[in-house]
Protein chains: 2
Amino acid sequence: MTAPGPVRIDVMDSSSTRRRATRAKLYEAAVTLIAEQGFSATTVDEIAERAGVAKGTVYYNFKSKTELFEELLRFGVGLLTASLQEAADHAAERGGTKVEALDEMIRAGLVFINRYPAFTQLYVAELWRTNRAWQSTLMVVRQQVVAVVETVLRDGVEAGELSEEIDIPLTAAALVGMVLVAALDWQAFQRERSLDDVHGALSLLLHGRVSGRRD
Amino acid sequence: MTAPGPVRIDVMDSSSTRRRATRAKLYEAAVTLIAEQGFSATTVDEIAERAGVAKGTVYYNFKSKTELFEELLRFGVGLLTASLQEAADHAAERGGTKVEALDEMIRAGLVFINRYPAFTQLYVAELWRTNRAWQSTLMVVRQQVVAVVETVLRDGVEAGELSEEIDIPLTAAALVGMVLVAALDWQAFQRERSLDDVHGALSLLLHGRVSGRRD
DNA sequence: ATTTTTGAACTGACCAGTCAGTTCAAAAAC
DNA sequence: GTTTTTGAACTGACTGGTCAGTTCAAAAAT
């Protein structure tokens with residue numbers, strides 16, 4: 001029965017399973033509370049209580065309330081960009097056009113917001129504030145999102161599929177904004193609509209079929 | 001005696017010139033601070049100081065910090081809708097198409113945001129939050145903005161100028177979002193661009209000339 | 001003469017962050 | 001294989017400070 005070999009390396013792994021689980025619970029608790037109330041109005045006691053954890057645990061796992069928030073931002077935006085990138089790659093694999101890729105990304109964005117509405121809310125609410133502690137984190141994180149869209153636009157222009165007239169950074173920002181706001185509005189004020197309804201409306205705008213032509 | 005007196009109406013006039021001026025100073029101070037820091041992180045003392053007014057004056061003019069904020073929201077959105085409506089009417093007078101009217105409204109939106117960036121920031125940051133004291137005020141105020149756009153879209157469809165496919169409420173929300181986010185992004189991250197650049201990019205999207213056709 | 005503003009003092013609630021102490025599963029010693 | 005030790009993870013009462021909102025007498029403005 002050859003002993004399993006004594007030396008257990010993972011002892012030093014600072015991200016033990018237990019710790020990871022605790023952090024995840026804290027993210028989960030913080031994201032909803034901050035989305036609803038804003039950062040300043042949300043207390044660390046509330047976060048701890050909602051996570052089912054003592055206040056001290058928050059400070060054992062994070063340096064401060066602000067740091068918890070910043071890591072939450074990085075974590076969430078990581079999920080979003082991965083999802084957008086995957087959609088773009090997927091469309092590319094299938095040999096679709098860049099407009100099709102954008103369309104897929106819009107859908108991926110909507111799916112994400114539908115699954116994590118609180119995170120999106122919080123992101124939009126904080127993004128354009130100035131002079132806040134986490135400003136630089138936000139800028140980095142915003143750039144990650146926009147860059148994914150910009151790349152697709154750039155490829156589309158190079159391939160001659162998109163108009164050379166378009167201003168890539170501005171168009172990317174506008175597209176992201178369109179999806180964010182339409183989705184938040186859907187979640188907040190038009191819950192009865194299906195994801196396909198929303199996707200359809202945005203797709204129409206993207207394809208420029210708002211004006212003109214009826215079939 | 002017993003002078004029943006000619007009922008002095010203006011006694012009840014709570015909006016004397018002086019008071020209006022004080023309130024305006026308080027709005028002005030509050031809007032910047034709250035846009036930068038958020039509602040909860042902004043103290044009444046700060047607002048009073050920035051407005052160059054004593055703290056007691058704040059409470060003489062407003063019932064509470066929350067009420068000051070709600071009135072600020074109503075005041076600001078009043079300006080915005082008036083501006084959008086004016087743009088729409090203006091385009092209509094000139095006998096332009098509805099797409100032209102939308103284009104004018106986009107420009108009016110950009111001009112507004114350019115003039116009152118702090119208000120826009122604050123509006124976007126608060127709009128989709130839930131469970132806050134001023135939630136109902138926000139819903140009313142949002143509806144006013146969206147309604148202006150919806151009306152133009154509806155007229156456009158009726159006139160056969162816009163596709164009957166479009167989903168009016170969703171499209172209106174998406175258009176408003178597109179402008180809001182593109183403009184905030186412009187203000188925050190792409191200051192060097194001119195208003196015309198931004199307007200051009202959005203106009204291209206509106207006219208559906210992103211994909212295809214180069215001249 | 002009445003409205004509006006001032007400013008400073010006060011209250012009571014609330015909150016971020018700290019720290020001395022507890023828990024417990026795994027490693028080491030026996 | 002039983003006992004002891006270790007230390008990462010967690011706990012929650014406590015502290016020092018902050019803030020919204022109140023009060024009010026006196027001053028200024030109209």
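As the structure is a prediction and not an experimental result, all values here were calculated from the model. Just so we're on the same page: letters track the sequence lines, and every chain starts at 1.
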Mind calculating the distance between [atom1] ([X]) and [atom2] ([N]) to the nearest angstrom?
X	N	atom1	atom2	result
E49(B)	dG7(C)	CD	C1'	13 Å
F69(A)	dA16(C)	CZ	P	14 Å
F62(A)	dA9(D)	CZ	P	13 Å
L33(A)	dA16(C)	CG	P	12 Å
E67(A)	dA16(C)	CD	P	16 Å

Counting only pairs under 3.5 Å, give me each side-chain donor-acceptor contact of residues 101-110 of chain B, with atom names and distances, residues two or more places apart or in other chains.
{"from": "D103(B)", "atom 1": "OD1", "to": "S203(B)", "atom 2": "OG", "distance (Å)": "2.7"}
{"from": "D103(B)", "atom 1": "OD2", "to": "S203(B)", "atom 2": "OG", "distance (Å)": "3.4"}
{"from": "R107(B)", "atom 1": "NH1", "to": "D196(B)", "atom 2": "OD1", "distance (Å)": "3.2"}
{"from": "R107(B)", "atom 1": "NH2", "to": "D196(B)", "atom 2": "OD1", "distance (Å)": "2.6"}
{"from": "R107(B)", "atom 1": "NH2", "to": "H199(B)", "atom 2": "ND1", "distance (Å)": "3.3"}

* Partners passing ring pair (Phe, Tyr, Trp, His ring centres under 6.0 Å) against Y60(B) (at least two apart in sequence or in another chain) -> none
* Atom CE of M178(B) and atom OG1 of T171(B): how far apart are they, to the nearest 0.5 Å? -> 11.0 Å
* Is any side-chain heavy atom of E126(A) less than 4.5 Å from a side-chain heavy atom of R129(A)? -> yes
* Contact state string [nucleotides 12-29 of chain D, B base, S sugar-phosphate only, - no protein heavy atom under 4.0 Å] -> B------SBBB------S
* Under 4.0 Å between a side-chain N/O of N61(B) and OP1 or OP2 of dT5(C), yes or no? -> yes
* Asked: Quick one: is dC10(D) close enough that its OP1 or OP2 comes under 4.0 Å of any side-chain N or O from Y60(A)?
  -> no
* Does dT4(D) have a Watson-Crick or wobble partner in any strand here, with both distances under 3.5 angstrom, and which is it? -> dA27(C)
* **dT18(D) pairs with, by Watson-Crick or G-U criteria that keep both distances under 3.5 Å** => dA13(C)
* **Residues Q144(B), T81(B); criterion side chain to side chain donor-acceptor pair (under 3.5 Å); working and verdict** => CA-CA 7 Å; Q144(B) 289 171 2; T81(B) 52; 4.8 Å; no
* To do: Work out which heavy atom in Q190(B) is nearest to a heavy atom in A173(A); give both atom names and the distance.
  => NE2-CB, 4.5 Å
